[in-house]
Amino acid sequence: MATPLSALSLIAWLALAGAAPGGPRMSLGAGPDGQVRSGMSESPGPLLALAPARGGKAKPPAPEPAPAPAPTYGPEQARADIELVLTGRGQDYLQARARLEQHPTVAAPLVTARMTATPAPTAVEQRRLLALLGGIARPEDVPLFADAMRRDVAAAVKQSQEQGIELPAAEPWREILRAQGPAAAPALTGLVAEKSFSEELRGLLLADLVAVTPADKLPELVALVGLGTPSLRAALRQAIARRAHASAGERAQLVQVVDAAIEAGEPARLPGLVLLRAAIGGSDDAPFTRRAAALAEDAAAEFAARVAALRVLVARRSDPAAQTVLARLAEQHLPADKRVELRSEILGSLALAGLEPGPAAAVVDRLQLTGADAPRVAVAAFSVATLPADGAWLDVSQRHAWPEVRAAALARVDGPCSAGVLRRLRDGTSTSGNTFEADAAVAREVIAALGRCGGPDAFAALQAVVVSAEQNVDRRAEAARQLVDRHGSAGADVVAAVLRSTDDLAVALRLVRALQRYADDEAAPSDDVRTALCAASKRQELATIAQRAVRGLFPDLDDPCAGN
């Protein structure tokens, strides 16, 4: 007979079995007769599964399988991905390129080998391979990107002599080179020295060089300040200033380096160093302002260095210390017996341009500078002078020998204009006689001044210019712009009428461009403007620009030229 379990052990086992989550649940309680009763749920529990089988031992849990090793990225996979980079598109291309860039040790030699393989890659394939190398970023590949830039720029120039054509051709390689960081500095140095490149492109490359140069090498760039062509000198100063203002630590370092270079006083470099030091200075740069003031007034200093220091003071004209020095220099160099000397003319006119309006106008009036023969002085004087309303000054100014002085005086005309000013401006639009203006820039200033005058008399004078076939095309174009800009719908109607009547293609093209400027929020362009542009769009040479103009001026019409 089997030995019965004790009551205590039975209760403990049953309670443990019932506590297991998801297992067989047994409940204990006293029945009506006082005996212990139990109940069990239907689902089997884990404890039963762990119980040893009858007559055997418990089985150990099965071991978890080890994760499969990741496949090794080898040459075969890299070659396949290179082909995808050359031929693929979309996600396949992006995934293949990402895998290659993640495994540069395997990929890079195969990419360079593919570039020299036979048959040679096409130009498009070569660009893709080079761009891939740019993403892999190996220093030894940087010269390849520089050579690719030279080839693409040369091809662009050969294909078209259009100004600025180099810049789009160079931009992808500039981006790749910048991404290489300091490793690109030697290649960029060689590209900046590339004499076949335009100075505009070389200036951009110089800025790239400054951007990737390590901080400890910045003094080497400062050593180049003041050397080279004027445009490259300016590009270098601007790039170093941008670098300085991007980092307080680098700015402090550059201030020290530039100050030391200024102290060395090398004449050829000193003007550029002074301008650079001013550009990298902060808001607490009053000590350098005083230093520039002392240099500007130093008669023993190099003239170019004094001019640079004076430019610094003009840029800092809000500083009272700068105003004091500018006033002294103007009084010193602008009297009639002084300004005949070229150096005094330059220093005095710069100082005058930097003075506050009140003190400047007083100097002009006291020294009668608007009548000065020296063009720089007279231009500076007209920009700040207090001019009488009768317009007599305009008549005198238009007899000056230098066109820049005549233009500077005309720039001071503003409406409403007196009868004397209007008369002189109308005379300035003459196509012959004593008042004919031979200089094209000054002639345009005459017409622009008429536009600023406003009023019916100025409107009539502008209309006379735009309708006259005897007028130069540039003058007619400027008159059309002034009519559209200053006289709204009425001015645009005049221009539209001339557009309908002219057979001169050059004039018609400029008139369409003038009408494109129409921007009167209170009055939409008239139907006359629409019909004139629609008629112009039927001329093959004007079709594109005229259609663009009519769509821009009448955006609410689905087909502005329907029925025309």
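Since the model is a prediction, treat every value here as computed from it, not as a measurement.
Scanning for ring-ring contact (aromatic ring centres under 6.0 Å, His included) contacts around His487 gives Phe459, with sequence neighbours left out. For the side-chain hydrogen bond (donor to acceptor under 3.5 Å, both in side chains) test, residues two or more places apart in sequence or in another chain that qualify with Ser526 are Asp493.
A salt bridge links Arg178 to Glu171: at least one charged side-chain nitrogen sits closer than 4.0 Å to a carboxylate oxygen. Using a cutoff of 4.0 Å between basic side-chain nitrogens and carboxylate oxygens, Arg399 and Asp395 are scored as salt-bridged. Salt bridge annotation for Arg424-Asp427: absent, with no cationic side-chain nitrogen under 4.0 angstrom from a carboxylate oxygen. Here Arg202 does not pair with Glu194 in a salt bridge; the nearest charged N to carboxylate O distance is not below 4.0 Å. Ionic pairing of Arg376 and Glu345 is present here: one or more N-O contacts between side-chain nitrogen and carboxylate oxygen are shorter than 4.0 angstrom. Ionic pairing of Arg530 and Asp527 is present here: one or more N-O contacts between side-chain nitrogen and carboxylate oxygen are shorter than 4.0 angstrom. Arg339 has no carboxylate O lying under 4.0 Å from a charged side-chain N of Asp373, or vice versa, which leaves the two without a salt bridge.
A cation-pi geometry, defined here as NZ or CZ lying under 6.0 Å from the six-membered ring centre and within 45° of its normal, does not hold between Arg406 and Phe382.
Judged purely by atom type and a 3.5 angstrom limit, Arg486 has no side-chain atom pairing as donor or acceptor with the backbone of Gly455. Remark: side-chain polar atoms of Arg128 are paired, donor with acceptor, to backbone N or O of Val85 under 3.5 angstrom. At least one donor-acceptor pair closer than 3.5 Å links the side chain of His400 to the backbone N or O of Ala372. Arg551 places no side-chain N or O within 3.5 Å of a backbone atom of Ala546 that could act as its donor or acceptor partner.
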Identify each donor-acceptor pair in which a side-chain atom of residues 467-474 lies under 3.5 Å from a protein atom, sequence neighbours left out, and give them as a table.
| from | atom 1 | to | atom 2 | distance (Å) |
| --- | --- | --- | --- | --- |
| Ser468 | OG | Glu470 | N | 3.3 |
| Gln471 | NE2 | Thr429 | O | 2.8 |
| Asn472 | OD1 | Asp474 | N | 2.7 |
| Asp474 | OD1 | Arg510 | NH1 | 3.1 |
| Asp474 | OD1 | Arg510 | NH2 | 3.1 |

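Using modelled atom types, one finds no donor on one side chain facing an acceptor on the other under 3.5 Å when comparing Gln547 with Ser537.
More than 12 heavy-atom neighbours from other residues, nucleotides or ligands sit within 6.0 angstrom of CD on Gln95.
Remark: of the listed residues Arg481, Arg476, Gln482, Glu437, Gln482 is the sole one forming a side-chain contact (heavy atoms from CB on, under 4.5 Å) with Ile447.
Closest non-hydrogen pair, Arg269 versus Val225, comes out as NE-O, 2.9 Å.
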> After noting the C-alpha distance and the side-chain angles of Arg306 and Leu270, does the key distance pass the side chain to side chain contact (heavy atoms under 4.5 Å, CB included) rule?
Replying inline: CA-CA 10 Å; Arg306 294 185 69 187; Leu270 187 56; over 6 Å; no

